[in-house]
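In listed order, ligands and their atoms are each counted from 1. These numbers were taken from a predicted model, which means no experiment stands behind them.
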Amino acid sequence: MISSPTALRRVTVLGSTGSIGVNTLDVVSRHPERFQVFALTACRQTEALLRQCLIHRPAVAVVGDADGADWLRTRLAEAGLTTEILWGPEALVDVARAAETDIVMAAIVGAAGLPSALAAARAGKQVLLANKEALVVSGQLFMDAVVMGGARLLPIDSEHNAVFQALPGNYGRLPDQAGVRRILLTASGGPFRRRSLHELEAVTPEEACAHPNWVMGRKISVDSATMMNKGLEVIEAHWLFGASADRIQVVVHPQSVIHSMVEYADGSVLAQLGNPDMRTPIAYGLAYPDRVASGVAPLDLCAVGQLNFEAPDFVRFPCLSLAYDALREGGSAPALLNAANEVAVAAFLNHQIPYLAIPNVIRRVLERAERTTVSSLEGVLEADAIGRRWALSLLN
Ligand code: NAD
Ligand code: MG
């Protein structure tokens, strides 16, 4: 029997030089009969982008500024490539919604990735959402754009990808009829799971970025250390699956083998397991609904030996409570939370503030910042700007 050929699908990778971007290109390159790169984008890492362009030969490449674009254009012309080079935020939106792309991997870090991710949703693309901050800040606006644009939204965050897989028929929204009771989001607990508050006073950015199970960008690594990452993921799960805060429980699971679970009314709990390697959810999102090789080693449960679970500690990890509070408040509170966190984490990474100041900055921003409406992209960006202004004023 001759198997039917799969149509070649054209992929845009927003944030291709980052940790998720590199893993995405790794999976893409394993399946040249399925995927072709249409566009690659980076902010400042033009040399890494050049290397990617030479291998993947995209039609378009986008960088952060005009100087970077000139540099890349010259190098690619020397190599005989006809790649079109664009720069700036508008160009990210253009490649995200271009007619020549079918799949958009949204892997820019932070709220900076919102306009392009939203553009992909509005244009009805298959949107692979790694950029959780985009959904946290825009919530309803983003989910409405997915529905109105006719997009297919596939979560790449490993937890949400696991939940998506454990829901009936890969349902993207919590089906009330299907007897889903709760979502159980697993958390590794990060590098400081066992540290006392006192020991946390002097931790350095290098220690915070040394995650026990995952290799990730620096911002999300610090978020994992503070557990703000899990807080953002609770908000992300709320929007993706239509679950209230009370129906999303965080379970600390240090081995990061169970990527999350769905609990049903009859007492069943369905889990998705695998080695902690982002290429699994990325391959799932790229080939959906097919399953394709990702390069991830098979899970050896006998070698893993034990799976442990414990409750999160909201005292040592106050960012988790701050995120639940922002979700319960709704409106612009999650956008303020995210903006304050981005500013505070950047300041910590630059050795400007100590680790324990991160939750304090966020708490004060949420106490003081005015609330605004977030029903349009402009409204969301305004809330983001308000949060950043307050956070910066607290740093000074
Ligand atoms: P990273 O820092 O390694 O890469 C970020 C990418 O975004 C780079 O390509 C960078 O050039 C680009 N970028 C940064 N700022 C930009 C800006 N202002 N404009 C345009 N491009 C910009 O980050 P990462 O670890 O790959 O994470 C990317 C996203 O995926 C984040 O939202 C993160 O929370 C999410 N995520 C990551 C992982 C992981 O394992 N790394 C897992 C789950 C979710
Ligand atoms: Mg995650």
Side-chain angles (χ1 to χ4, degrees), residues 12-26 39-52 61-65 68 72 86-93 95-96 105-117 128-137 154-164 185-190 209 211 213-224 226-237 240 250 253 256 258-260 272 274-282 285 296 338 341-342 345-346 349 381 384 388:
T12 287
V13 186
L14 302 169
S16 64
T17 54
S19 165
I20 293 288
V22 167
N23 279 309
T24 302
L25 290 175
D26 180 277
L40 298 177
T41 88
C43 191
R44 279 181 289 267
Q45 296 147 300
T46 36
E47 289 190 21
L49 187 62
L50 170 65
R51 285 193 296 276
Q52 292 182 337
V62 181
V63 292
D65 57 34
L72 189 60
L86 306 173
W87 63 272
E90 262 308 306
L92 295 174
V93 169
V95 293
M105 165 57 85
I108 289 172
V109 61
L114 173 61
S116 51
L128 277 48
L129 187 71
N131 181 203
K132 66 192 85 185
E133 297 93 342
L135 185 55
V136 166
V137 300
L154 294 162
I156 297 305
D157 219 344
S158 57
E159 297 77 4
H160 307 75
N161 192 273
V163 169
F164 186 83
L185 285 186
T186 51
S188 68
C209 289
H211 196 278
N213 305 339
W214 300 93
V215 181
M216 308 180 286
R218 281 166 74 76
K219 190 264 178 182
I220 184 178
S221 295
V222 176
D223 285 349
S224 299
T226 63
M227 289 194 78
M228 178 55 92
N229 183 49
K230 211 49 54 179
L232 297 175
E233 290 182 358
V234 168
I235 301 174
E236 184 185 11
L240 285 171
V250 173
H253 163 49
S256 298
I258 296 182
H259 298 306
S260 278
Q272 185 258 353
N275 284 319
D277 188 321
M278 289 306 294
R279 290 177 299 176
T280 296
I282 290 168
V296 177
N338 179 72
N341 182 56
E342 287 193 29
V345 169
L349 285 170
L381 296 178
D384 177 69
R388 281 169 204 275

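Considering backbone and side-chain N/O atoms, Met278 never comes within less than 3.5 Å of an N/O atom of ligand 1. Ligand 1 has no N or O atom lying under 3.5 Å from any N or O atom of Val215, backbone or side chain. Taking only nitrogen or oxygen atoms, main chain and side chain alike, Glu133 reaches within less than 3.5 Å of ligand 1. Not one N or O of Asp157 is nearer than 3.5 Å to an N or O of ligand 1, by distance alone. When only interatomic distances are considered, the shortest N/O to N/O separation between Thr17 and ligand 1 falls below 3.5 Å. Considering backbone and side-chain atoms alike, Gly18 places an N or O below 3.5 Å from some N or O of ligand 1. Residue Gly15 has at least one N or O atom closer than 3.5 Å to an N or O atom of ligand 1. For Ala112, no nitrogen or oxygen atom sits less than 3.5 Å from a nitrogen or oxygen atom of ligand 1, counting backbone and side chain alike.
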Take Lys219 and Glu133 through the test salt bridge (charged side-chain N to carboxylate O under 4.0 Å, His left out) and record every step on the way to the result. CA-CA 11 Å; Lys219 190 264 178 182; Glu133 297 93 342; 2.8 Å; yes
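Of the possible polar contacts, none joining the Asn229 side chain to the Ile220 backbone as a donor-acceptor pair under 3.5 Å is found. Although no hydrogens or angles enter the test, the distance criterion places a donor-acceptor pair under 3.5 Å between the side chain of His253 and the main chain of Ile258. Checking side-chain atoms of Asn161 against main-chain N and O of Pro155 turns up a donor-acceptor pair under 3.5 Å. Under the 3.5 Å distance criterion, the side-chain polar atoms of Ser16 are left unmatched by any main-chain donor or acceptor of Gly21. The backbone N or O of Ala111 sits less than 3.5 Å from a side-chain atom of Glu342, completing a donor-acceptor pair.
For Glu159 atom OE1 and Glu233 atom OE2, the angle they make at the Mg ion (ligand 2) is roughly 100°, to 10 degrees.
A heavy-atom separation below 4.0 Å is not found between Gly64 and ligand 1. Heavy atoms of Lys219 stay at 4.0 angstrom or farther from ligand 1.
Heavy atoms of Gln45 found under 4.0 angstrom from ligand 1 belong exclusively to the side chain. With a 4.0 Å heavy-atom cut-off, ligand 1 is reached by the side chain of Ile220 but not by its N, CA, C or O. With a 4.0 Å cut-off on non-hydrogen atoms, Ala107 touches ligand 1 through its backbone and not its side chain.
Heavy atoms only, all atoms of each residue included: Gly285 and Leu154 are closest at O-CD1, 3.4 Å.
Contact annotation: the side chain of Leu40 never approaches that of Val95 to less than 4.5 Å [non-hydrogen atoms, C-beta and beyond]. You'll find the side chain of Trp214 reaches within 4.5 Å of the side chain of Ser256, heavy atoms only.
Counting just the N/O/S atoms of Asp157, the one with the shortest distance to the Mg ion (ligand 2) is named OD1.
In the vicinity of Ala130, heavy-atom distances shorter than 4.0 Å reach the ligand 1 atoms 30 (O), 32 (O), 35 (C), 36 (N), 44 (C). Distances below 4.0 Å separate heavy atoms of Ile20 from the following atoms of ligand 1: 26 (O), 30 (O), 37 (C), 38 (C), 39 (C), 40 (O), 41 (N), 42 (C).
Of the protein's heavy atoms, Val109 CG1, 3.8 Å lies nearest to atom 14 (C) of ligand 1.
Here Lys230 contributes atom NZ and Thr186 contributes atom OG1; the two are 6.0 Å apart, rounded to the nearest 0.5 Å.
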